[in-house]
Colleague: 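The structure's right below; bear with me while I get my questions together.
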Amino acid sequence: MVEEVRRYGKFILLKLDNGVLAIHLGMTGKLLAGGTPGPYTRAVLVLDGVTVLFDDVRQFGSMRWLAQAPEGLGPDPLAVSAAEFALRLHGRRTRLKALLLNQSFLRGLGNIYTDESLFRAGIHPLAIAARLSLPRAYKLHAAIREVLTEAVVSGGSSISDYVDADGRPGWFQFQHRVYQRTGEPCVGCGAPIRRILVAQRGTHYCPRCQRK
DNA sequence: CAGATCACCTGCTTGC
DNA sequence: TGCAAGCAGGTGATCT
């Protein structure tokens with residue numbers, strides 16, 4: 001009996017009568033309602049009589065049965081205030097890109113939306129978080145909200161794997177302004193989009209529009 | 001303790 | 001054509 005379904009950062013939490021099932025899709029995970037198990041089906045759930053497949057090619061996803069819901073991650077970017085966000089940036093002497101990916105700082109942002117948010121805010125991914133001026137911190141906060149809100153409306157970004165529970169892809173990949181557009185012209189100034197590695201993650205940005 | 005780096009796993013694309 | 005290297009929506013362990 002599933003009593004509640006909710007999201008906590010990148011976790012999907014199913015509250016059951018005897019615990020919580022915490023599902024993380026990793027990079028290539030999918031939860032599919034119905035369908036036939038295939039070579040990448042890692043688990044088959046039967047929830048209140050409905051079959052749900054957990055497919056995951058790369059196996060970075062996870063499914064854990066916990067006594068209690070997980071906690072301790074940073075605030076949700078759509079719930080945190082601009083003032084609180086700026087305050088949290090203040091003491092951190094790391095590159096913004098790495099900080100935004102850190103789930104203890106903010107919960108829910110991943111590689112795509114970090115790059116897209118930094119671009120919209122006009123901030124360089126290597127900028128040191130603590131050195132960001134207050135107006136720029138506010139601008140970044142607004143950009144993150146904007147990107148996430150638009151992405152949710154578009155059903156997310158389907159690069160190669162992602163589909164929703166009914167097998168439908170998202171459309172936000174067509175709105176990406178920098179992510180995986182290396183060498184293509186910036187939509188703002190025409191300069192070629194650059195790709196660097198930050199925290200071992202491919203990081204895409206416009207060298208002209210985004211300043212440290 | 002914060003921050004940086006490596007490791008985990010499989011498949012697809014790129015370049016010699 | 002064949003094969004190796006590089007790349008991919010993430011994060012936990014292990015270093016400095």
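Proteins get letters first, then strands, A, B, ... in listed order; numbering begins at 1 in each. On a predicted model such as this, the values are computed, not experimentally measured, just so you know.
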Colleague: What form does the base of C/dG6 take, syn (within 90° of 0) or anti?
Modeller: anti
Colleague: Distance check needed: C/dA13 C1' versus A/F60 CZ, whole Å only.
Modeller: 14 Å
Colleague: If you find the nucleotide of DNA chain B closest to A/R92 and the one closest to A/V57, which residue's nucleotide is nearer the 5' end?
Modeller: A/R92
Colleague: With side chain to side chain contact (heavy atoms under 4.5 Å, CB included) as the test, pick out the partner of A/P125 among A/K212, A/R95, A/Q210.
Modeller: A/Q210
Colleague: Name the stems that DNA chain C belongs to, where each is three or more consecutive Watson-Crick or G-U pairs with both distances under 3.5 Å?
Modeller: B:2-8 with C:10-16, B:10-16 with C:2-8
Colleague: Has A/Q200 got a side-chain N or O lying under 4.0 Å from the OP1 or OP2 atom of B/dC6?
Modeller: yes
Colleague: Could you label the plane-to-plane angle of the A/H124 and A/Y205 rings as parallel, tilted or perpendicular, counting under 30° as parallel and over 60° as perpendicular?
Modeller: tilted
Colleague: Quick one: does A/V2's side chain get under 4.5 Å of A/L16's, heavy atoms only?
Modeller: yes
Colleague: Do A/L106 and A/I144 have side chains that get closer than 4.5 Å, going by heavy atoms?
Modeller: yes
Colleague: Please determine if a side-chain N or O atom of A/R201 lies less than 4.0 Å away from the OP1 or OP2 oxygen of C/dT11.
Modeller: no
Colleague: With a 4.0 Å heavy-atom cut-off, tell me which residues in residues 160-184 of chain A come close to DNA chain B, sorted by residue number.
Modeller: none
Colleague: Using a heavy-atom cut-off of under 4.0 Å over every strand shown, decide if A/Y113 touches base, sugar-phosphate, or nothing.
Modeller: nothing
Colleague: Over how many whole Å does the gap from A/Q103 atom CD to C/dT11 atom P extend?
Modeller: 5 Å
Colleague: Can you tell me, in whole Å, how much space there is between the P of C/dG9 and that of B/dG3?
Modeller: 23 Å
Colleague: Nearest to the A/K10 side chain among B/dT10, C/dG9, C/dG10, which nucleotide is it?
Modeller: C/dG10
Colleague: Rounded to the nearest Å, what distance is computed from the CD1 atom of residue A/I112 to the C1' atom of nucleotide C/dG9?
Modeller: 5 Å
Colleague: Looking only at atom types and distance, does a side-chain atom of A/R131 sit under 3.5 Å from a main-chain N or O of A/S133, one as donor and one as acceptor?
Modeller: no
Colleague: Tell me if the NZ atom of A/K139 is crowded by more than 12 foreign heavy atoms within 6.0 Å.
Modeller: no
Colleague: Rounded to whole angstroms, how far apart are CG on A/D56 and P on C/dA8?
Modeller: 18 Å
Colleague: Any side-chain to backbone donor/acceptor pair from A/D115 onto A/H204? Under 3.5 Å, distance only.
Modeller: yes
Colleague: Looking only at side-chain atoms of A/R195, point me to the closest of C/dA8, B/dG3, C/dG10.
Modeller: C/dA8
Colleague: Starting from C1' on B/dC8, measure out to CE on A/M27 and report it in whole angstrom.
Modeller: 11 Å
Colleague: Look only at the side chain of A/R211 and the backbone of A/R208, and say whether a donor-acceptor pair between them is shorter than 3.5 Å.
Modeller: yes
Colleague: Tell me whether the side-chain N/O atoms of A/H24 come closer than 4.0 Å to OP1 or OP2 in C/dG10.
Modeller: no
Colleague: Nearest-Å distance, CD (A/Q59) to P (C/dG9)?
Modeller: 18 Å
Colleague: Is a donor-acceptor pair below 3.5 Å formed from side chain A/R58 to base C/dA8, judging by atom type as modelled?
Modeller: yes
Colleague: Hydrophobic cluster membership, with links at side-chain heavy-atom distances under 4.5 Å among I/L/V/M/F/W/Y: are A/L96 and A/V178 in one?
Modeller: no
Colleague: Figure out the NZ/P separation between A/K97 and C/dG10, and round it to whole Å.
Modeller: 9 Å
Colleague: Check this one for me: any side-chain N or O of A/T94 less than 4.0 Å away from OP1 or OP2 of B/dA2?
Modeller: no
Colleague: For the side chain of A/R95, counting heavy atoms from C-beta on, which of B/dA4, B/dG11, C/dG9 is nearest?
Modeller: B/dA4
Colleague: Specify the separation, in whole Å, of atom CG of A/L101 and atom C1' of C/dG9.
Modeller: 11 Å
Colleague: Looking only at heavy atoms, which two atoms of A/A143 and A/S117 are closest? And how far apart?
Modeller: CB-O, 3.5 Å
Colleague: Sticking with atom P, work out how far B/dG11 lies from C/dT11, rounded to a whole angstrom.
Modeller: 22 Å
Colleague: Test A/S157 against every option in A/E116, A/Q180, A/H176 by the side chain to side chain donor-acceptor pair (under 3.5 Å) rule and name the one that passes.
Modeller: A/H176
